[in-house]
Amino acid sequence: MTADHRLLTEKVALITGASSGIGAAAARVFAREGARVVLTARREDKLKALVADLREQGLEAEYVVADMTRRADTAAAVAHAVESYGRLDLAFNNAGWGTGREPLHEMDDELYDRIMDVNVRGVWNCLRDEIAAMLPTGGGAIVNTSSVGGLIATPVAAPYVAAKHAVIGLTRAAAAEYAARGIRVNAVAPGTTRTEVVTEWFAAVPGMEEALHAATPQPRTAEPEEIAEAAAWLCSDRASFVTGAIMPVDGGFTMV
Ligand SMILES: NC(=O)c1ccc[n+]([C@@H]2O[C@H](COP(=O)([O-])OP(=O)(O)OC[C@H]3O[C@@H](n4cnc5c(N)ncnc54)[C@H](OP(=O)(O)O)[C@@H]3O)[C@@H](O)[C@H]2O)c1
């Protein structure tokens, strides 16, 4: 019998925002690394197709349609994981959304509320349900998706910058509170990552892609899998003494 060197063998993992981009890449990486994954987002067609594809590869996956801004939905997603696989070991709280094209003084309340709701309330909702599910089985590991916008400020994105700073605050507060009870909580802070939204953004704003590359020591855009790999490692037992950490995955963008 050969040894199993996969990062997440037999762990039960909830991944939010799994219908596209970084979350969909994480679904593939976590499942390939041996986790039984429960995928959640609002677009059922995307989740269904991804779960079918993973199962065809002999991997274990479930999905549940949920809106992270609603506490009843996050509770249902966590309950689905526990009912399907008996426990919850890992969570990648990755669902998020933001835009940044207008000056701060021209932004309206609706945009502010929408950005805060999914990025901050979404993580807040998830943390409470996930921690409650993890405590009875002795702990687990949680990774939240912040952004380089959680570490530094970028223009015309004030609500998103504030929301992603708040994700870092929630990450550290939860890490401090639950470290002694076996739950590690960390965050990834991705730089610009090649997802559908970013591809559209580059197409809409000529010169943006080149300008970002020029400001990045590794002068390129990240692939979603590169963020997913960092999240998988932070979730794994190989990161067993890492908690409250905010890991930039940004090609050095926030270093210079
Ligand atoms: N791409 C980048 O350059 C970049 C950089 C830094 C940080 N990030 C962060 O990375 C995370 C993933 O984004 P992405 O780039 O992969 O973009 P994406 O492809 O648009 O993915 C966002 C995911 O979040 C889900 N989502 C959005 N609102 C939701 C809600 N209310 N309830 C449940 N799910 C919701 C979406 O699914 P449904 O629409 O199906 O619900 C989708 O699966 C976000 O937190 C984003 O802020 C991205």
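Basis for what follows: all heavy atoms, side chains included, without hydrogens, waters or symmetry-related copies. Both counts, for ligands and for their atoms, begin at 1 and track the order of listing.
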Within 6.0 Å of CD in E106, more than 12 heavy atoms from elsewhere: yes
Starting from atom 16 (O) of ligand 1, what is the nearest protein heavy atom, named by residue and atom, and what distance separates them? I22 N, 2.8 Å
Ranked by distance from atom 12 (C) of ligand 1, the top protein heavy atom is N94 OD1, 3.4 Å
Identify, by atom number and element, the atoms of ligand 1 in contact range of G21, meaning under 4.0 Å from any of its heavy atoms. 16 (O), 19 (O)
Closest to atom 8 (N) of ligand 1 among protein heavy atoms sits Y160 OH, 3.5 Å
Check the pair T16 / N93 against side-chain hydrogen bond (donor to acceptor under 3.5 Å, both in side chains), numbers first and verdict last. CA-CA 5 Å; T16 82; N93 297 327; 4.7 Å; no
Less than 4.0 Å is my threshold; does some heavy atom of G191 fall inside it relative to ligand 1? yes
Tell me whether the guanidinium CZ or amine NZ of R114 lies under 6.0 angstrom from the six-membered ring centre of W97 and within 45° of its axis. yes
Heavy-atom proximity to atom 26 (N) of ligand 1, best of A95, A18, A24: A95
Look at the aromatic rings of F92 and F30 and report parallel, tilted or perpendicular, splitting at 30° and 60°. parallel
Run the numbers for me: atoms of ligand 1, each under 4.0 Å from some heavy atom of T192, listed by number. 3 (O)
Atoms in ligand 1 flagged as close to A66, the criterion being non-hydrogen separation under 4.0 Å: 32 (N), 33 (C)
So which protein heavy atom does atom 6 (C) of ligand 1 come closest to, and at what separation? P190 O, 3.3 Å
Residue and atom name of the nearest protein heavy atom (relative to atom 28 (N) of ligand 1), distance in Å to one decimal: R42 NH2, 3.3 Å
Could you tell me whether R194 and E226 have a side-chain N and a carboxylate O separated by less than 4.0 Å? no
May I ask whether K164 has any heavy atom positioned less than 4.0 angstrom from an atom of ligand 1? yes
Contacting atoms of ligand 1, where contact means under 4.0 angstrom from a heavy atom of V198: 1 (N), 2 (C), 3 (O)
Interatomic distance, D73 atom CG to D129 atom CG [nearest 0.5 angstrom]: 10.5 Å
Any N or O on S19 sitting closer than 3.5 Å to an N or O of ligand 1? yes
Looking only at side-chain N and O atoms, does T69 offer a donor or acceptor that is under 3.5 Å from a partner on R121? no
One should read off an interatomic distance between N94 CG and M68 CE, to the nearest 0.5 angstrom, of 11.0 Å
Considering only the protein, which heavy-atom contact is closest to atom 18 (P) of ligand 1, and what is its distance? S20 OG, 3.5 Å
Would one find more than 12 heavy atoms of other residues, nucleotides or ligands at under 6.0 Å from atom CD of Q57? yes
A quick test of your reading: do over 12 heavy atoms of other residues, nucleotides or ligands sit less than 6.0 Å from CD of E10? no
Of all the atoms in ligand 1, which lie at a distance below 4.0 Å from a heavy atom belonging to V118? 28 (N), 29 (C), 30 (C), 31 (N)
May I ask you to identify the nearest protein heavy atom to atom 2 (C) of ligand 1, giving residue, atom name and distance to one decimal place in Å? T193 N, 3.5 Å
Tell me if a side-chain donor or acceptor on R184 pairs with a main-chain N or O of V242 at a distance below 3.5 Å. yes
Looking only at non-hydrogen atoms, which of V65, T195, V197 approaches atom 20 (O) of ligand 1 most closely? V197
Does OH in Y112 sit with more than 12 non-hydrogen atoms of other residues, nucleotides or ligands closer than 6.0 Å? no
For ligand 1, find out whether one of its N or O atoms is nearer than 3.5 Å to an N or O atom of D67. yes
Below the 3.5 angstrom mark, is there an N/O of G17, backbone or side chain, next to an N/O of ligand 1? yes
Electrostatic pair D89-R87, nearest N-O below 4.0 angstrom: yes
Proximal atoms of ligand 1 relative to S146 (non-hydrogen, under 4.0 Å): 7 (C)
Strictly under 4.0 Å, does any heavy atom of P224 approach an atom of ligand 1? no
Shortest protein heavy-atom distance from atom 9 (C) of ligand 1, along with the residue and atom involved: T145 CG2, 3.6 Å
Is there a nitrogen or oxygen of M68 sitting under 3.5 Å from a nitrogen or oxygen of ligand 1? yes
Charged N-O contact under 4.0 Å between D4 and R6: yes
